[in-house]
Amino acid sequence: MPQYHDVYSIRFHVEDAGKLAVFIKSHSFATLITHDGSAPFASHLPILFRPESGPHGTLVSHMARANPQWRHFASGTEALVVFHGPHSYISPSWYETSPAVPTWNYAVVHAYGVPTVFSEHERVISLLRETVAAHEASLEHPWPGDLPDDFRDKLIQGIVAFEIPVTRMEGKFKLGQNRSAADIRGVFEALTCSGGSDGLALARMMSTECGVAKETNAV
């Protein structure tokens, strides 16, 4: 169930599994948060999502063996994976409505599950190939990932592969849906003109989620 307790927050809550899967694929460099028994611990990793694996999909990734976080998995405790989307400061000067105050708009997905390590050689190789293919696909000349077997296997000894069957997932796209149509357009136009990568990305999300598009001058 959504962990939001007021109408204001529910407006931003996203449950659509397909939409969340697309978001994760587009923002796959995530923050993995575990607990070592005395304090929280975070790592920043490229994480793939297999939506067809399990009731809510499965996350897969790897980390350096020197990173102690993988040892936390033995506790069987639930971990949190945060997928960060675009975000931006929102000035009240962009609103038509007054008075108003500044805020911050953003998009994020939280995924929960218990991580487990896997070490089967072919599974690890398959994960690495899948990771390379996912991130090389958009390049004009993708690297094929070919390496000498002995060189590859030596490198594999220095990593730990793991998977997280997702138990629940929460999306929150705070894009100003609680504002008037005029206020939403004002924010959209300001972000579009900002020139910043996050602002532009947030404007693109607003175009999709809020049904707002850039106005063009008639010829």
Side-chain angles (χ1 to χ4, degrees), residues 1-34 40-49 51 56-57 59 61 79-113 134-135 138 166 168-219:
M1 295 293 293
Q3 295 184 2
Y4 302 95
H5 306 290
D6 55 73
V7 174
Y8 176 81
S9 293
I10 290 173
R11 293 183 184 182
F12 309 137
H13 185 68
V14 180
E15 294 182 318
D16 185 283
K19 185 177 292 187
L20 296 178
V22 170
F23 183 91
I24 289 174
K25 182 177 179 181
S26 299
H27 305 283
S28 59
F29 190 70
T31 302
L32 170 65
I33 303 169
T34 57
F41 192 102
S43 292
H44 308 279
L45 306 165
I47 298 180
L48 302 179
F49 182 48
H56 304 288
L59 303 173
S61 187
L80 166 63
V81 183
V82 181
F83 295 90
H84 308 268
H87 61 91
S88 179
Y89 172 79
I90 305 300
S91 171
S93 66
W94 301 342
Y95 296 144
E96 180 178 283
T97 303
S98 182
V101 296
T103 189
W104 207 279
N105 283 0
Y106 60 91
V108 68
V109 170
H110 291 180
Y112 300 83
H135 295 287
S138 62
V166 176
R168 68 187 192 278
M169 194 177 295
E170 300 169 351
K172 189 173 183 181
F173 295 177
K174 181 180 178 293
L175 305 173
Q177 300 95 317
N178 58 311
R179 307 295 307 189
S180 68
D183 287 350
I184 292 173
R185 172 157 294 283
V187 170
F188 174 80
E189 294 290 349
L191 291 173
T192 300
C193 296
S194 70
S197 58
D198 271 327
L200 291 172
L202 197 62
R204 286 194 293 270
M205 282 202 72
M206 291 181 68
S207 179
T208 300
E209 299 296 324
C210 303
V212 60
K214 186 172 179 60
E215 293 179 341
T216 56
N217 295 327
V219 177

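Since this is a predicted model, take the numbers as computed values, not measurements.
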Would you say that [X] contacts [Y] through its side chain, given a criterion of any heavy-atom pair below 4.5 Å between the two side chains?
X      : Y      : value
Leu48  : Leu59  : no
His84  : Val109 : no
His135 : Ser28  : yes
Val81  : Ile47  : yes
Arg179 : Trp94  : no
His27  : Pro86  : yes
Tyr95  : Val187 : yes

Give the minimum heavy-atom separation between [X] and [Y], together with the two atoms involved.
X      : Y      : value
Gln177 : Ile184 : CA-CD1, 4.4 Å
His87  : Leu202 : C-CD2, 4.2 Å
Phe83  : Ala111 : CE1-CB, 4.3 Å
Gly57  : Phe49  : CA-CE1, 3.6 Å
Ala42  : Ile33  : CB-CG1, 4.3 Å

Practice task
For His110 and Leu80, run side-chain contact (heavy atoms from CB on, under 4.5 Å): C-alpha distance rounded to whole Å, both residues' side-chain angles, the deciding distance at 0.1 Å, then the answer.
Solution key: CA-CA 7 Å; His110 291 180; Leu80 166 63; 3.7 Å; yes
Practice task
For Glu209 and Lys19, run salt bridge (charged side-chain N to carboxylate O under 4.0 Å, His left out): C-alpha distance rounded to whole Å, both residues' side-chain angles, the deciding distance at 0.1 Å, then the answer.
Solution key: CA-CA 11 Å; Glu209 299 296 324; Lys19 185 177 292 187; 3.0 Å; yes
Is there a donor-acceptor pair under 3.5 Å between the side chain of [X] and the backbone N or O of [Y]?
X      : Y      : result
Ser194 : Gly199 : no
Ser26  : Val22  : yes
Ser207 : Val212 : yes

Practice task
Would you sort out whether Leu191 and Leu200 count as a side-chain contact (heavy atoms from CB on, under 4.5 Å), showing the intermediate values?
Solution key: CA-CA 6 Å; Leu191 291 173; Leu200 291 172; over 6 Å; no
Rounded to the nearest 0.5 Å, how far apart are [atom1] of [X] and [atom2] of [Y]?
X      : Y      : atom1 : atom2 : value
Phe188 : Met205 : CZ    : CE    : 13.0 Å
Phe29  : Leu45  : CZ    : CG    : 6.5 Å
Leu32  : Ser61  : CG    : OG    : 8.0 Å
Met206 : Leu175 : CE    : CG    : 6.5 Å
Glu15  : Met169 : CD    : CE    : 12.5 Å
Trp104 : Ile90  : CH2   : CD1   : 8.5 Å

Handout entry: Worked check of ring pair (Phe, Tyr, Trp, His ring centres under 6.0 Å) between Phe173 and Tyr106
Key = CA-CA 6 Å; Phe173 295 177; Tyr106 60 91; 9.5 Å; no
Practice task
Decide whether Ser88 and Asp198 meet the rule of one side-chain donor and one side-chain acceptor closer than 3.5 Å.
Solution key: no
